[in-house]
Amino acid sequence: MIDSKLLETNFDDTLQNLRRRDPNFDLSLLRSLSFERKALVGVLQELQEKRNRINKGMRGASPDEISAKRDEMKALSMEAKAKEEELRHTENRLHDALLATPNIPRECVPQGVDESDNVEVKKVGEPTTFDFVAKDHVELGESLGLLDFERAAKVSGSRFVFLKGVGARLNRAIANYMIDFHAKEGDLELNPPLLVRGSAAEGVGQLPKFEEGMFKTRRGDDQLYLIPTAEVPVTNYYANEILEESSLPMRFFAYSQCFRSEAGSAGRDTRGMIRQHQFEKIEMVRFATPDQADAEHQNMVDRASRILSDFELPHRIVELCTGDLSFSAERCFDLEVWLPSQNTYREISSCSTFGSYQARRAKIRFRPAAAPGSKKKTKAQPLVTLNGSGLAVGRTLVAILENHQQADGSIQIPRVLQPYMGGQSVIEKTSD
RNA sequence: GGAGACGUGGCAGAGCGGUUGAAUGCAUCGGUCUUGAAAACCGAAGUACCUUCACGGGUACCCAGGGUUCGAAUCCCUGCGUCUCCUCCA
């Protein structure tokens, strides 16, 4: 969540900056609650102080004295309790309002309304061209016997797929290549829980606003959510903890299944593997000091781009505009891969920095190293969390099929993946 | 699924209902001693919020919420969380 102090010290700027996301943004409730809270605190503390003062004399007092003061104390106590109740109510409302407030975009984020205002930063490779009529991945996958959408629909409904045979193997090869890639860079691999408490989802900003996007499970009275991304469990790995500055930055990656209900996206990408209820992703998650954050961010973008280049996939990097920025993010770069069937670039990775927004929600702090001369213990402060896909496995599979298809309907396997495919270099139609 | 135990400071671990924000140990940071270090000794040290230009002052916090009481870390209820045993299971 945003720093509530901004409401007092820097209200106009804060509002203006949030309006870069949405011109109709309204902070008036938040502000009035913040002032209301402050006033209540003052009144309550005065009452408590009075009560404490009287109470101090009670211990050694004679029974007469005690009974004399009793009524007064009782009245004070009641009054204080009523104020406490009032204060708690206000604080709860303030907290809820803060949870519903998105992160503030950085000054450098380009102004814009939606996707069309995103800014291309870099283009790697040229869109693939063919001297034959190119097929899409559904056609390729089905004709080569790699993908089975129909039977998946029979078993689980729409937006699911069976990968089979070489298709399953190729998927595994892609994932393994990426896992090894990050491991070689020295990041720590985590294999996280796929079911998380609501508190974890709240920590990254997924709850309370985006509950519709997640699958919920029930077990008795307990409720757990299927993770929409490994960001949720991995970022919360350090929830409620204080890290030493010397241990930062920390780099993790996790390979996991992800589950999204795709509520509200009816009709979008209904065909094929682009938008599934269940997909695999390798996610990079980082914890950094504010000074380190930008370099970490750039590093994740580079990683994702290098992997795409390794797979010989044309892609581009775009910076999201204020209107397209996700709820918790402060700045974000998307990597988009070229998809011949759609004749356009499609998102395959999203690398975001969250500033202290998530860290404040999940209560992840770091203790700055003491200045060389200083003897004082430093004050813990929220750190910076970042994450980025490196990459979405299913969409990578799609991109490889479509970009590396041959005139005869076969698929050329990128060189780096061949070792992961037992040396296989081409996927051809088998007579069946 | 059945039975039970427990939630106190960075960690471990005390705490007759009233000078307990909280003993003690470890860890941390200063100092003394030492050529330097270790050891020993002395000392400092929680978090949030309100108030003050500042020094400072104040309030709350012993998982959370409610109750009993003039007064609760301490008693009572509820919730949440953790652990152990049995059962089942990849």
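Chain A is the first sequence line, chain B the second, and so forth, proteins listed ahead of strands; every chain is numbered from 1. When reading the values below, keep in mind they use all heavy atoms of this one structure, side chains included, and skip hydrogens, waters and symmetry mates. Note that the structure is predicted; figures quoted are calculated from it, not measured.
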[atom1] gap between [N] and [M], integer Å:
{"N": "B/A64", "M": "B/C55", "atom1": "C1'", "value": "38 Å"}
{"N": "B/C41", "M": "B/U52", "atom1": "P", "value": "46 Å"}
{"N": "B/A38", "M": "B/A48", "atom1": "C1'", "value": "39 Å"}
{"N": "B/G56", "M": "B/A44", "atom1": "P", "value": "16 Å"}
{"N": "B/C49", "M": "B/G43", "atom1": "P", "value": "32 Å"}
{"N": "B/U47", "M": "B/G79", "atom1": "C1'", "value": "24 Å"}
{"N": "B/C86", "M": "B/C29", "atom1": "C1'", "value": "49 Å"}
{"N": "B/G25", "M": "B/A73", "atom1": "P", "value": "25 Å"}

According to the Watson-Crick and G-U wobble definitions, with both distances under 3.5 Å, which nucleotide is paired to [N]?
{"N": "B/U59", "result": "B/A48"}
{"N": "B/U84", "result": "B/A3"}
{"N": "B/U35", "result": "none"}
{"N": "B/G65", "result": "B/C77"}
{"N": "B/U24", "result": "B/A12"}
{"N": "B/C29", "result": "B/G43"}
{"N": "B/A72", "result": "none"}
{"N": "B/A54", "result": "none"}

>> Is it the case that over 12 heavy atoms from other parts of the model lie below 6.0 angstrom from the CD atom of A/E46?
In response: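 For A/E46, atom CD is not crowded (no more than 12 foreign heavy atoms under 6.0 Å).
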> Between A/G42 and A/Q45, who's closer to the 5' end of RNA chain B by nearest nucleotide?
Replying inline: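 On the 5' side of the pair lies A/G42.
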>> Can you work out whether A/V41 or A/I242 has the more 5'-proximal nearest nucleotide on RNA chain B?
In response: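 Between the two, 5'-proximity favours A/I242.
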Please report, rounded to the nearest Å, how far the [atom2] atom of [N] is from the [atom1] atom of [X].
{"X": "A/E244", "N": "B/G10", "atom1": "CD", "atom2": "C1'", "value": "9 Å"}
{"X": "A/L87", "N": "B/C50", "atom1": "CG", "atom2": "C1'", "value": "11 Å"}
{"X": "A/Q48", "N": "B/C49", "atom1": "CD", "atom2": "C1'", "value": "11 Å"}
{"X": "A/L94", "N": "B/A48", "atom1": "CG", "atom2": "C1'", "value": "14 Å"}
{"X": "A/M73", "N": "B/A72", "atom1": "CE", "atom2": "P", "value": "9 Å"}
{"X": "A/L47", "N": "B/C50", "atom1": "CG", "atom2": "P", "value": "18 Å"}
{"X": "A/K5", "N": "B/A48", "atom1": "NZ", "atom2": "P", "value": "8 Å"}
{"X": "A/E79", "N": "B/U59", "atom1": "CD", "atom2": "C1'", "value": "16 Å"}

Does [X] make a side-chain N or O approach to OP1 or OP2 of [N] shorter than 4.0 Å?
{"X": "A/R51", "N": "B/A60", "value": "yes"}
{"X": "A/N52", "N": "B/G58", "value": "no"}
{"X": "A/N240", "N": "B/C63", "value": "no"}
{"X": "A/S77", "N": "B/G71", "value": "yes"}
{"X": "A/R197", "N": "B/U82", "value": "yes"}

>> Students often get this wrong, so: under 4.0 angstrom with heavy atoms, is A/K81 touching a base, only sugar-phosphate, or nothing?
In response: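 Counting heavy atoms under 4.0 Å across all strands, the contact made by A/K81 includes a base.
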> Does A/E49 get its side chain close enough to the base of B/G58, under 3.5 Å, for a donor-acceptor pair?
Replying inline: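 No, no donor-acceptor pair under 3.5 Å.
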> So does A/R331 pair up with A/E319, basic N to acidic O under 4.0 Å?
Replying inline: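 Here A/R331 pairs with A/E319 in a salt bridge, since their nearest N and O are under 4.0 Å apart.
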>> Does this structure show an ion pair linking A/E185 with A/R306, if we count only N-O contacts that are shorter than 4.0 Å?
In response: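 A salt bridge is present here (some side-chain N lies under 4.0 Å from a carboxylate O).
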> Quick one: which of B/U59, B/C70, B/G65 gets closest to the side chain of A/R88?
Replying inline: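 Nearest to the side chain of A/R88 among the choices is B/G65.
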> Of the nucleotides B/C70, B/C50, B/G66, which has the atom closest to the A/R37 side chain?
Replying inline: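 The closest nucleotide is B/C50.
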> Would A/F215 and A/Y225 count as a close aromatic pair, with their ring centres under 6.0 Å?
Replying inline: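 No, the ring centres sit 6.0 Å or more apart.
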> When rounded to the nearest 0.5 angstrom, what is the spacing between CG in A/L383 and OG in A/S356?
Replying inline: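 One gets 9.0 Å once the value is rounded to the nearest 0.5 Å.
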> Just checking, A/R31 and A/F11: is the charged tip under 6.0 Å from the six-membered ring centre and within 45° of the axis?
Replying inline: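 Geometry flag: set, cation within 6.0 Å and 45°.
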>> I need the single residue from A/S349, A/S389, A/S350 that forms a side chain to side chain donor-acceptor pair (under 3.5 Å) with A/D334. Which is it?
In response: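 Checked A/S349, A/S389, A/S350 against A/D334; only one passes side chain to side chain donor-acceptor pair (under 3.5 Å): A/S350.
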> With A/V161, which of A/Q278, A/M273, A/H277 fulfils side-chain contact (heavy atoms from CB on, under 4.5 Å)?
Replying inline: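 Exactly one candidate clears the test, A/M273.
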